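Model, not experiment: these values are computed from the prediction.
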Amino acid sequence: MHRENKKFIYGALKTGARSKEYETALLWLKEAGFIYKVYKVSKLEKPLKFYENVSSFKLFLRFAKQK
């Protein structure tokens with residue numbers, strides 16, 4: 001069975017691209033409230049921050065509520 005890779009790859013944006021080139025843009029999007037950045041954790045223990053893997057994350061769009 002064929003399985004599609006859903007992992008984000010910086011190289012898909014530009015050949016040879018690295019995360020460092022986009023960290024400012026991602027930070028801006030996060031601080032502006034457009035995205036959520038959720039880190040992978042190695043262990044489900046409190047506090048989760050201690051177990052975050054900052055090099056492994058997912059981005060989720062934040063949609064504004066309609067009035």
What pairs with Y36 under side chain to side chain donor-acceptor pair (under 3.5 Å), at least two apart in sequence or on another chain?
R62
Output all residues satisfying side-chain contact (heavy atoms from CB on, under 4.5 Å) with S42, sequence neighbours left out; order by chain, then residue number.
Y51
Sequence neighbours left out, what passes salt bridge (charged side-chain N to carboxylate O under 4.0 Å, His left out) with K43? Give chain and number order.
none
Listed by chain and number, what are the side-chain contact (heavy atoms from CB on, under 4.5 Å) partners of F57, not counting sequence neighbours?
Y10, L26, K37, Y39, L59
Cluster link F63 to F34, ILVMFWY, side chain under 4.5 Å
yes
For K14, which residues count as a side chain to side chain donor-acceptor pair (under 3.5 Å) partner, sequence neighbours excluded?
E21
List in chain and number order the residues that pass salt bridge (charged side-chain N to carboxylate O under 4.0 Å, His left out) with K49, two or more places apart in sequence or in another chain; answer none if no residue qualifies.
E52
Side chain to side chain donor-acceptor pair (under 3.5 Å) with T15: which residues, sequence neighbours excluded?
none
Quick one: are F60 and I35 in side-chain contact, heavy atoms under 4.5 Å?
no
Taking only residues two or more places apart in sequence or in another chain, which ones pass side-chain contact (heavy atoms from CB on, under 4.5 Å) with A25?
none
With the 4.5 Å side-chain cut-off for hydrophobic clustering, are F50 and V38 part of the same group?
no
